[in-house]
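For clarity, every value in this text was computed on a predicted model and none was experimentally measured.
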Amino acid sequence: MPELRRRRLRELLRICPVVKTIEVHSGLTGLIAEKTVVQDGEGLDQFDAMWISSLCDSTTRGKPDIELIDMSSRIRTIDEVMDVTTKPVILDGDTGGLVEHFTYNVRTLERMGVSAIIIEDKVGQKKNSLFGTQVRQTQDSIENFCEKISAGKDAQRTEDFMIIARIESLILEKGMEDALKRAMAYVEAGADGIMIHSRKPEPDEIFEFCDRFRDQDVTTPIVVVPTTYCDTYESELISHGVNIVIYANQLTRSAFPAMENTAKNILLNHRAREAEETLIPFYKIITLIDTI
């Protein structure tokens with residue numbers, strides 16, 4: 001039920017060394033996140049939560065990642081995922097939009113059972129953060145973004161829902177001091193967590209931010225997205241105080257080349273036999289989804 005799922009992220013933060021979160025963009029990918037379990041040296045392991053990304057939501061629809069997909073469409077994706085899964089959902093909320101819209105959306109997401117929304121401190125036309133300074137991106141003022149956070153927190157009806165502030169200072173090369181200043185201000189404004197983002201291939205500036213933030217704040221959850229610094233192990237992130245790791249786009253990025261290769265195989269061979277080696281067996285796909 002929504003009230004049980006909504007509070008689950010806060011519960012996981014209390015009991016898990018790190019909350020492992022995987023991107024989903026459909027009911028099928030939600031089932032992958034829900035059911036994938038592996039045996040490692042210490043026992044069974046699985047993902048703890050699901051991330052619904054605006055990039056992947058847009059890409060699945062063949063649209064650019066420019067906040068073109070409106071919240072009504074995003075909610076349909078959330079509903080499809082939540083209908084077949086039980087794990088907590090964290091939503092990529094882009095900039096959060098206008099304050100008046102953001103407060104309304106907070107209540108909608110809270111009512112649905114979403115556990116958290118992450119909003120980034122940028123304004124103007126949405127551009128993916130990994131473009132960095134290659135394209136024009138404008139960071140919001142600390143004052144304006146704090147007002148948005150506070151308004152969202154005031155709109156909540158329960159204590160379960162989390163609003164997490166995403167800081168773009170390192171992406172936009174504004175420097176570590178600016179990132180830390182913003183982090184402390186956002187926490188003061190009511191943010192339930194801080195996401196620090198970087199597009200560098202090494203995690204050094206992420207580690208520095210986390211260490212310095214933890215010197216001032218030992219309790220607020222830190223969220224990271226190791227897309228560009230993908231060599232970094234979860235254990236390293238944990239040692240620097242990270243609480244949530246989001247694998248933000250890997251399922252979408254793995255699906256495209258696999259499907260493209262299948263299409264090429266069929267075109268080249270004028271039959272489907274050569275593609276079969278890389279496909280899930282037909283019986284497994286029709287029995288993947290449980291009946292009630």
With no hydrogens and no angle check, is any side-chain donor or acceptor of [X] less than 3.5 Å from a backbone partner on [Y]?
X      : Y      : result
Thr228 : Lys200 : yes
Arg214 : Gly241 : yes
Thr36  : Ala33  : no
Asp121 : Gln139 : no
Arg5   : Ser115 : no
Glu110 : Arg157 : yes
Glu80  : Thr77  : no
Lys153 : Asp192 : no
Glu34  : Thr86  : yes

Handout entry: Glu147 atom CD, neighbour heavy-atom count above 12 within 6.0 Å
Key =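 Atom CD in Glu147 is crowded, with more than 12 foreign heavy atoms closer than 6.0 Å.
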
Practice task
Take atom NZ of Lys35 as the centre, draw a 6.0 Å sphere, and report whether it contains more than 12 heavy atoms from other residues, nucleotides or ligands.
Solution key: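 Correct, the count exceeds 12.
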
Handout entry: Set of salt bridge (Lys or Arg N to Asp or Glu O under 4.0 Å) partners for Arg8, sequence neighbours left out
Key = Glu11

Practice task
Under the salt bridge (Lys or Arg N to Asp or Glu O under 4.0 Å) rule, collect the residues that match up with Glu234, sequence neighbours excluded.
Solution key: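 Counting only residues at least two positions away or on another chain, Glu234 forms no salt bridge (Lys or Arg N to Asp or Glu O under 4.0 Å).
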
Got [X] and [Y] here, is their nearest side-chain heavy-atom distance under 4.5 Å?
X      : Y      : value
Thr220 : Phe213 : yes
Ser26  : Thr60  : no
Val18  : Leu237 : no
Trp51  : Ile118 : yes
Ile117 : Phe161 : yes
Met176 : Phe209 : yes
Arg10  : Glu159 : no
Leu109 : Arg6   : no

Cut-off 3.5 Å, side chains only: do [X] and [Y] have a donor facing an acceptor?
X      : Y      : answer
His25  : Thr252 : yes
Asn144 : Ser141 : yes
Glu120 : Thr95  : no
Asp204 : Tyr229 : no
Lys20  : Gln46  : no

State plainly whether one hydrophobic cluster holds both [X] and [Y], where clusters connect Ile, Leu, Val, Met, Phe, Trp and Tyr through side-chain heavy atoms under 4.5 angstrom apart.
X      : Y      : result
Leu9   : Leu91  : no
Ile142 : Val187 : yes
Phe102 : Ile167 : yes
Ile238 : Val19  : no
Val245 : Ile52  : yes

Problem - Step-by-step side chain to side chain contact (heavy atoms under 4.5 Å, CB included) determination, Thr21 to Ile244 - result: CA-CA 7 Å; Thr21 306; Ile244 300 176; 3.7 Å; yes

Exercise for the section: Go through the steps for Arg74 and Asp57 under the test salt bridge (charged side-chain N to carboxylate O under 4.0 Å, His left out), then give the verdict. Expected result: CA-CA 7 Å; Arg74 305 291 311 283; Asp57 219 356; 2.7 Å; yes

Would you call [X] and [Y] a salt bridge, using N to O less than 4.0 angstrom?
X      : Y      : answer
Asp178 : Arg182 : yes
Glu177 : Arg212 : yes
Asp94  : Lys122 : no
Glu3   : Arg7   : no

Practice task
Could you please spell out the steps behind the side chain to side chain contact (heavy atoms under 4.5 Å, CB included) verdict for Val106 and Gln156?
Solution key: CA-CA 7 Å; Val106 162; Gln156 286 183 219; 3.8 Å; yes

From [X] [atom1] over to [Y] [atom2], what is the distance, rounded to the nearest 0.5 angstrom?
X      : Y      : atom1 : atom2 : value
His197 : Leu172 : NE2   : CG    : 10.5 Å
Met50  : Thr29  : CE    : OG1   : 9.0 Å
Tyr186 : Ile163 : OH    : CD1   : 14.0 Å
Asn105 : Thr103 : CG    : OG1   : 8.0 Å
Cys16  : Asp48  : SG    : CG    : 4.5 Å
Leu12  : Lys87  : CG    : NZ    : 9.5 Å

Considering all heavy atoms, the nearest [X]-[Y] contact:
X      : Y      : value
Thr85  : Val81  : OG1-O, 2.7 Å
Ala191 : Ile149 : N-CG2, 3.5 Å
Val242 : Cys210 : CG2-SG, 3.8 Å
Ile69  : Lys63  : CD1-CG, 3.7 Å
Pro221 : Asn243 : CA-OD1, 3.2 Å
Ile171 : Arg199 : O-NE, 3.3 Å

Practice task
Mind telling me whether Tyr247 and Phe47 have parallel, tilted or perpendicular rings, with 30° and 60° as the class edges?
Solution key: perpendicular

Handout entry: Ile32 vs Val24, side chain to side chain contact (heavy atoms under 4.5 Å, CB included): CA-CA, chis, key distance, verdict
Key = CA-CA 8 Å; Ile32 292 172; Val24 301; over 6 Å; no

Exercise for the section: In sequence, state the C-alpha distance, the side-chain angles, and the governing distance for Glu100 and Tyr104, and then conclude on side chain to side chain contact (heavy atoms under 4.5 Å, CB included). Expected result: CA-CA 7 Å; Glu100 295 83 1; Tyr104 181 86; over 6 Å; no

